[in-house]
Amino acid sequence: SGSHFGSRVKPRIQPHEYWAVRPLRTMLSVAVRRARFAVPKVSAAAALGRGPWAVMSVRSFCAAAAATAPAEVPEGALPEDRQTRQAMLPNEMVDYLDQYIVGQKDAKKAVANALRNRWRRQQLDEEMRQEIMPRNILMVGPTGVGKTEVARRLAKLVDAPFIKVEATKFTEVGYHGKDVDTIIKDLVELAIRRQRSRLEAEFAPEVNTRVEEQILTALLGRTTEQHEKDSWLKHLRSGALDERFVSIDVPNEPRMDEILAPGGDQGVKMVKVSPNTGKPEKKKVTVKEAKKRLRQGALDKLISQELVTKKAIEAVEQEGVVFIDEIDKICQARGARYSGDASAEGVQRDLLPIIEGCEIATKHGNVKTDHILFICSGAFSAVKPSDMLAELQGRLPVRVELKALTKEDFERILTEPKHNVIMQNQALLGTEGIRLTVGAESVSELARVSSDINTYVENIGARRLHTVLEKLMEEISFDAPTMPEEKKTIEVTPDMVRTSIEPLLKKTDLSKFIL
């Protein structure tokens with residue numbers, strides 16, 4: 001209800017609401033720009049006005065916002081919005097990594113800072129943006145302590161193109177083997193597949209509706225009652241019609257032509273995708289096959305391959321992350337006159353221009369590496385980081401040392417991370433009806449045994465836990481399908497751990513006497 005005010009009806013509002021209008025206008029002006037939910041534009045605009053009509057609009061705006069706001073994100077879950085993930089704060093990235101990786105705070109901070117700097121760079125003007133280079137990282141630490149996992153998890157978090165390569169796979173230009181240029185070429189291929197998958201997921205609801213409509217038309221014709229059509233649609237979605245045959249128009253495959261890359265590089269050819277202009281073929285296939293073919297044809301019409309390639313190359317140049325492992329294996333100690341690999345130092349020289357920034361010719365176009373983040377890692381047990389070429393050291397300005405894992409670290413790895421190895425084994429055996437429990441004393445014994453074997457045989461870090469746990473679960477896993485119901489509750493005790501790991505401990509004792 002309201003009272004007449006001139007020729008219009010003035011809304012009846014509470015006196016205290018007048019004072020709420022001014023701060024609400026400020027808050028809503030920010031909310032309208034930053035909101036991630038859809039609200040009526042009229043209400044949003046009116047809410048920024050003045051007087052009682054603004055208050056009325058505020059009520060409508062807030063009601064619409066509350067109705068359409070996304071559900072609260074569970075703690076530890078990734079935000080669905082890609083831009084939100086890329087703008088995460090360094091401490092938020094480290095908190096996310098803590099769910100999966102124990103310790104190694106310095107490495108987590110270094111990678112988080114590097115990715116945050118990438119976001120900061122995007123906020124600058126174009127001239128300044130081109131001058132800022134990424135802070136490439138050198139990680140030094142023994143195997144199995146989380147070097148690769150830190151980089152991989154963070155790249156996944158910000159949805160960046162990521163590739164991990166082994167430095168020992170490459171040879172110097174002129175030697176038989178793979179050149180370092182293939183790192184960027186493989187990264188582009190990965191980025192294209194990611195970009196295509198992202199667009200396919202975006203168009204999936206629209207495409208699925210189209211495909212269902214086409215199949216129902218082929219099965220029933222165009223003059224079907226709506227209630228009958230709805231019934232058939234239900235069966236179609238449930239898979240009950242998958243084995244039925246239906247005649248559909250199958251689109252032809254696009255034509256792929258190879259042309260010489262710009263610059264006349266004989267070793268690199270570009271692929272030109274040309275749409276096939278021929279008429280679609282009429283084929284009789286199962287409904288299951290028809291769904292697949294029609295879906296692919298609809299996606300090909302909606303998604304331009306040229307646009308996918310362009311976006312993928314742009315993502316590689318601006319967001320790409322390259323992790324080069326075993327960098328110490330292509331180094332030799334100073335003063336050493338011979339090396340096991342004649343081209344090892346040459347690989348370092350070939351890496352220099354790529355890490356510093358150059359243009360690599362790929363079959364999809366030229367790619368600039370100036371702003372790709374490079375993370376190199378190695379154990380450096382036989383050599384030192386200072387044994388690398390001085391120029392390569394200079395291109396890896398951020399150096400992080402990762403610590404070897406202790407017994408306490410193993411205990412935390414077994415219990416703290418999300419989906420830890422004990423939980424994985426419990427879930428796998430749970431499919432057979434086995435209820436597996438591992439007490440604190442058993443966890444401590446597993447950690448002690450793993451640490452001892454790493455100390456006396458070979459230190460392979462956290463990977464040792466997989467060896468020990470597989471040995472412990474070997475008999476249980478084998479007997480699980482035929483185990484009687486009364487024996488399906490199993491508690492792992494410290495004695496079980498020692499008994500099952502005894503063969504590994506015997507090998508440990510013998511290894512002390514091997515020269």
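Values below: every heavy atom of this structure, side chains too, minus hydrogens, waters and symmetry copies.
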Could you please spell out the steps behind the side chain to side chain contact (heavy atoms under 4.5 Å, CB included) verdict for Phe203 and Ile303?
CA-CA 9 Å; Phe203 288 120; Ile303 299 173; 3.8 Å; yes
CD/Gln348 to CG/Leu392 distance, rounded to the nearest 0.5 angstrom?
5.5 Å
Distance col, row Gln318:CD vs Ile313:CD1, nearest 0.5 angstrom, shows 12.5 Å
Nearest heavy-atom approach of Ala462 to Leu405 is N-CD1, 3.5 Å
Check the pair Glu445, Lys407 against salt bridge (Lys or Arg N to Asp or Glu O under 4.0 Å), reporting the backbone distance first and the verdict last.
CA-CA 9 Å; Glu445 186 64 18; Lys407 174 180 174 291; over 6 Å; no
Testing the basics here: between Val438 and Gln426, what is the closest heavy-atom pair and its distance to 0.1 Å?
N-NE2, 4.4 Å
Report the C-alpha distance between Leu97 and Leu154 in whole Å, list the side-chain angles of each, state the deciding distance to 0.1 Å, and finish with yes or no for side chain to side chain contact (heavy atoms under 4.5 Å, CB included).
CA-CA 7 Å; Leu97 289 177; Leu154 269 190; 3.6 Å; yes
Below 3.5 Å, can you tabulate the donor-acceptor pairs from side chains in residues 130-146 to any protein atom, sequence neighbours excluded?
from: Gln130; atom 1: NE2; to: Glu126; atom 2: OE2; distance (Å): 2.7
from: Arg135; atom 1: NH1; to: Met133; atom 2: O; distance (Å): 2.8
from: Asn136; atom 1: OD1; to: Phe374; atom 2: N; distance (Å): 2.9
from: Asn136; atom 1: ND2; to: Arg395; atom 2: O; distance (Å): 3.2
from: Thr143; atom 1: OG1; to: Arg463; atom 2: NH1; distance (Å): 2.7

4.5 Å side-chain heavy-atom contact, Val347 and Thr168
no
Greater than 12 external heavy atoms within 6.0 Å of Lys488's NZ
yes
Tyr96 and Arg153 have their tightest heavy-atom pair at CE2-O, 3.8 Å
Using a 3.5 Å distance criterion without hydrogens, assess whether the side chain of Arg194 forms a donor-acceptor pair with backbone atoms of Asp159.
yes
One pair to check against side chain to side chain contact (heavy atoms under 4.5 Å, CB included): Val165 and Thr182. What are the steps and the verdict?
CA-CA 10 Å; Val165 296; Thr182 58; over 6 Å; no
Under a 3.5 Å distance rule, please check whether Thr415 uses its side chain to pair with a backbone N or O of Glu411 as donor and acceptor.
yes
Ion pair Asp242/Lys291, N-O distance below 4.0 Å
yes
Any salt bridge between Lys109 and Asp106, counting N to O under 4.0 Å?
no
Are side-chain heavy atoms of Ile372 and Glu317 found at a separation under 4.5 Å?
no
Would you say that Asp387 contacts Phe380 through its side chain, given a criterion of any heavy-atom pair below 4.5 Å between the two side chains?
no
Is the backbone N or O of Ala447 less than 3.5 Å from a side-chain atom of Ser451, with the two atoms forming a donor-acceptor pair by type?
no
Is Thr493 close to Glu441 at the side-chain level, that is, under 4.5 Å between some pair of heavy atoms?
no
Is the closest side-chain donor-acceptor distance between Gln296 and Asp300 under 3.5 Å?
yes
Taking only Lys NZ, Arg NE, NH1 and NH2, and the carboxylate oxygens of Asp or Glu, determine whether Lys164 and Glu166 approach each other closer than 4.0 Å.
yes
Would you find a donor on one side and an acceptor on the other, under 3.5 Å apart, between the side chain of Glu200 and the backbone of Leu299?
no
Run the side-chain hydrogen bond (donor to acceptor under 3.5 Å, both in side chains) test on Arg121 and His371 for me, step by step, so that the C-alpha distance in whole Å, both residues' side-chain angles and the decisive distance to 0.1 Å come before the verdict.
CA-CA 10 Å; Arg121 176 178 166 270; His371 301 291; 3.1 Å; yes
How long is the gap from CZ on Phe162 to CG on Leu373, to the nearest 0.5 Å?
10.0 Å
Considering non-hydrogen atoms only, spot the tightest contact between Val321 and Ala160 and give its length.
CG2-CB, 4.4 Å
Short question: side chain of Thr369, backbone of Cys358 - any donor-acceptor pair under 3.5 Å?
yes
For the pair Glu319 and Arg118, find out whether any cationic side-chain nitrogen is under 4.0 Å from an anionic carboxylate oxygen.
no
Tell me every residue that passes side-chain hydrogen bond (donor to acceptor under 3.5 Å, both in side chains) with Gln195, counting only those two or more places apart in sequence or in another chain.
Arg198
Do Met388 and Asp328 have side-chain heavy atoms sitting under 4.5 Å apart?
no
Keeping Thr362 on the side-chain end and Gly365 on the backbone end, is there a donor-acceptor pair under 3.5 Å?
yes
Minimal heavy-atom distance between Leu351 and Val180, with the atoms involved, is CD2-CG1, 3.9 Å
Would you call Lys169 and Asp325 a salt bridge, taking side-chain N to carboxylate O under 4.0 Å as the test?
no
Derivation of the side chain to side chain contact (heavy atoms under 4.5 Å, CB included) call for Met88 and Val158
CA-CA 8 Å; Met88 286 180 73; Val158 299; over 6 Å; no
Answer yes or no: is there an ion pair linking Asp98 with Lys108, defined by an N-O contact shorter than 4.0 Å?
yes
Test item: side-chain donor near acceptor, Ser450 and Arg464, under 3.5 Å:
no
Under 3.5 Å donor-acceptor, Gln99 side chain and Pro417 backbone:
no
Is Glu475 close to Ser500 at the side-chain level, that is, under 4.5 Å between some pair of heavy atoms?
no
Is the closest basic N to carboxylate O distance between Lys403 and Asp409 below 4.0 Å?
no
Heavy atoms from other residues, nucleotides or ligands near CD of Gln123 exceed 12 (cutoff 6.0 Å)
yes
Whether over 12 other heavy atoms sit under 6.0 Å from Lys311 NZ
no
Between Asp479 and Lys487, does any NZ, NE, NH1 or NH2 come within less than 4.0 Å of an OD or OE carboxylate oxygen?
no
At their closest point, which heavy atom of Leu429 faces which heavy atom of Ser477, and how far apart are they?
CD2-CA, 4.1 Å
Examine distances only and state if a side-chain atom of Gln122 and a backbone atom of Trp119 form a donor-acceptor pair shorter than 3.5 Å.
no
Is the shortest heavy-atom distance from the side chain of Val492 to the side chain of Leu436 under 4.5 Å?
yes
Short side-chain to backbone donor-acceptor contact, Gln393 and Ser386, under 3.5 Å:
yes
Electrostatic pair Glu408-Arg448, nearest N-O below 4.0 angstrom
no
Under a 3.5 Å threshold, yes or no: a donor from one side chain and an acceptor from the other, between Asn117 and Arg120?
yes
Please answer whether the main-chain N or O of Ser377 pairs with a side-chain N or O of Glu326 as donor and acceptor at a distance below 3.5 Å.
no
Under a 4.0 Å N-O cut-off, is there an ion pair linking Glu474 with Lys471?
yes
Is any side-chain heavy atom of Asp350 less than 4.5 Å from a side-chain heavy atom of Phe170?
no
